[in-house]
J.: 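Following this message is one structure expressed as structure tokens.
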Amino acid sequence: MKSEDTPFFGGPLDGRVLPVLLGPTGHPPKTYRVPVPHPEGGEPTVLVYQRVAAPPSPRLGLHRGWRYEYDPEGDPRGGPKWPWTRRRRGRD
């Protein structure tokens, strides 16, 4: 499997660059979950990072890859948008 060194911003992994496995499309996963074991043997804490586009290059404006930003609430953003799950407005 192929991996890519991806920077992490925010949270406990701030400033680190970790190798992340790429999917079949060549992109890292949208959500990266890091389980952190509890020091007393309890439930592990799960840190959630969301994939965002890295800032474009200043000179040419080209896409420079991906980075992960810390999501303290741990809510998954995005995902498949199925037409039968959206709310319809104006119907009572």
Side-chain angles (χ1 to χ4, degrees):
M1 300 236 28
K2 199 171 182 184
S3 66
E4 179 179 289
D5 290 338
T6 309
F8 285 77
F9 290 91
L13 297 179
D14 188 28
R16 293 190 186 187
V17 177
L18 300 176
V20 177
L21 291 176
L22 303 178
T25 60
H27 297 286
K30 289 183 181 180
T31 304
Y32 193 79
R33 298 178 190 280
V34 181
V36 178
H38 195 271
E40 299 169 1
E43 281 288 318
T45 304
V46 178
L47 305 174
V48 179
Y49 285 84
Q50 300 292 335
R51 180 186 76 185
V52 296
S57 62
R59 190 166 185 156
L60 298 174
L62 298 175
H63 177 70
R64 294 194 333 200
W66 304 99
R67 70 182 194 180
Y68 283 104
E69 291 184 358
Y70 180 61
D71 185 6
E73 297 164 4
D75 294 333
R77 293 184 200 150
K81 295 180 179 157
W82 306 106
W84 54 84
T85 59
R86 94 181 126 164
R87 285 190 166 167
R88 296 179 185 240
R89 295 183 184 190
R91 294 199 175 193
D92 292 327

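The figures that follow rest on heavy atoms only: side chains count, while hydrogens, waters and symmetry mates do not.
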J.: Any link between Y49 and V36 through a network of hydrophobic side chains (Ile, Leu, Val, Met, Phe, Trp, Tyr) touching at under 4.5 Å?
T.: yes
J.: So which heavy atom on L47 is nearest to which on P12, and how close?
T.: CD1-CG, 3.7 Å
J.: Provide the closest heavy-atom pair for T6 versus R67 in the form atom of the first, atom of the second, distance.
T.: CG2-CA, 3.9 Å
J.: Evaluate the criterion side chain to side chain contact (heavy atoms under 4.5 Å, CB included) for residue pair T31 and Q50; output intermediate values, then yes/no.
T.: CA-CA 5 Å; T31 304; Q50 300 292 335; 3.3 Å; yes
J.: Of all heavy-atom pairs between P58 and R64, which one has the smallest distance, and what is that distance?
T.: CD-NH1, 3.5 Å
J.: Please name the pair of heavy atoms, one in H63 and one in A53, separated by the smallest distance, quoted to 0.1 Å.
T.: CE1-CB, 4.0 Å
J.: Side chains of K30 and R51: closer than 4.5 Å at any heavy-atom pair?
T.: yes
J.: Would you say that L18 contacts F8 through its side chain, given a criterion of any heavy-atom pair below 4.5 Å between the two side chains?
T.: yes
J.: What class does the angle between the rings of Y32 and Y68 fall in, given that below 30° is parallel, 30 to 60° is tilted and above 60° is perpendicular?
T.: tilted
J.: Less than 4.0 angstrom from a charged side-chain N to a carboxylate O is my criterion; do E4 and K2 meet it?
T.: no
J.: Write down the atom of W66, the atom of P28, and the distance for their closest heavy-atom approach.
T.: CD1-CD, 3.5 Å
J.: When you group the ILVMFWY residues by side-chain heavy-atom contacts below 4.5 Å and let the links chain together, are V20 and L13 in the same group?
T.: yes
J.: Which atoms form the tightest heavy-atom contact between P19 and S3, and what is the distance?
T.: CB-OG, 4.2 Å
J.: Is atom CZ of R16 surrounded by more than 12 heavy atoms (other residues, nucleotides or ligands) closer than 6.0 Å?
T.: no
